[in-house]
Number of protein chains: 2
Amino acid sequence: MRRIADVLGVQAAAIYWHFANKQTLIAAVGDAILADQADWGDSMALEEWARDLRDVLLRHRDAAELVAASLAVGLCEHAPEVGAVAILEAQGWQPDDAGHAASAMVHFILGHVMQEQTRQNLLAVGVLAPPTEAIDEDGFEFGLQILVSGARALAAR
Amino acid sequence: MRRIADVLGVQAAAIYWHFANKQTLIAAVGDAILADQADWGDSMALEEWARDLRDVLLRHRDAAELVAASLAVGLCEHAPEVGAVAILEAQGWQPDDAGHAASAMVHFILGHVMQEQTRQNLLAVGVLAPPTEAIDEDGFEFGLQILVSGARALAAR
DNA sequence: ACCTGAACACCGTTCAAGT
DNA sequence: ACCTGAACACCGTTCAAGT
């Protein structure tokens, strides 16, 4: 809180005029990150939605943790899964099933990016040796294919 | 640290003889929780492994967050995904693919339980109204079926 | 309406010194 | 080998008071 206030050229106490507490501020930051998500409507493929969410998260430092906190307090303005729900419902899914499938994908994406970003942080602090390979594209794509194939299998049922 | 020391009847500083810092201690707690996982070998079904991991996490308060921290610092003694990897390799999967599939499932399970446990915490503090329904078995089972079906689909390929 | 000053009740961590 | 006492440099948060 004091560091944020510093950057704004203000006292830390001033923040509490605008936000109830630190947790609420963090949730707002997570929500702001999610506002970057693409919004092409139902014609998008599930893979495109997933890759877009991952890319949005990877663009901002600690985004996965911030968004997880945002989700935890509930009431985010820009829920990450709405795009996936829209796509699935356009394909004839029941709302409940679409919600469950979408949140399974969100959990996977958040978990994957969180792992990626904690590794980036450890690497930045020097706790981790740099020879670790760049970024786990393969692991993400493989997991994504499992989820998309599984969703297709359940839809066909 | 001071509260843990209190429970042990000791000064907070004493903890630093046994652990390098708070993060390491938390990781050790997460690791201890994972030691509760069942270990029936390769004959277990993927669903059984997944439900067992979920049950282990739900048995301990904040387990998902603790285990996530444990995973973040790396080097956990009891990696949560080893069971799934063993099952998949016994079914003829490549080690790399088995690892990717297993960590996709771990991400899903951790994400799901974390959501459940933050809701439990908000409920305990009274921030959330109690009329929220008990526990999201349906959402977990649906997501699990997607992942298992998807894994079967990719294995058949 | 928005911010400051000053305080309150905490933190994690270090380190000389004890036994 | 294991712990204490005491301190250091921080935290998030509150609240009267200012403008």
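Every chain is numbered from 1 and lettered A, B, ... according to where its sequence line falls, protein lines coming before strand lines. Just so we're clear, the structure is a prediction, and the values are computed from it rather than from any experiment.
- When side chains are defined from C-beta on, A:F140 does not count as touching A:E116, because their heavy atoms never get closer than 4.5 Å.
- Between B:R3 and A:G9, the residue whose closest nucleotide on DNA chain C is further toward the 5' end is A:G9.
- Along DNA chain C, read 5' to 3', the first and last nucleotides having any atom under 4.0 Å from a heavy atom of chain B are C:dC11 to C:dC15.
- At distances below 3.5 Å, at least one donor-acceptor pair connects side-chain atoms of A:T118 with backbone N or O atoms of A:M114.
- Enclosure of atom CD in B:E65 is not indicated, since only 12 or fewer non-hydrogen atoms of other residues, nucleotides or ligands lie within 6.0 angstrom.
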Any chance you could lay out the salt bridge (Lys or Arg N to Asp or Glu O under 4.0 Å) test for A:R54 and A:E137, step after step, and finish with the verdict?
CA-CA 11 Å; A:R54 174 171 183 253; A:E137 299 286 351; 3.0 Å; yes
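- Annotation: B:Q145, atom CD; neighbour count of heavy atoms from other residues, nucleotides and ligands within 6.0 Å is above 12.
- If you check residues 11-21 of chain B against DNA chain C, the residues with a heavy atom closer than 4.0 Å are B:A13, B:Y16, B:N21, listed by number.
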Would you write out the dot-bracket form of DNA chain D, 5' to 3', with Watson-Crick and G-U pairs under 3.5 Å, [ ] for crossing pairs, | for pairs to other strands and . for unpaired bases?
||.|||||...|||||.||
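- Within a 6.0 Å sphere centred on CD of A:Q23, other residues, nucleotides and ligands contribute 12 heavy atoms or fewer.
- When the C1' atom is compared between D:dC3 and C:dC15, the two are found 13 Å apart, to the nearest whole Å.
- A donor-acceptor contact shorter than 3.5 Å links the side chain of A:Q117 to the backbone of A:L57.
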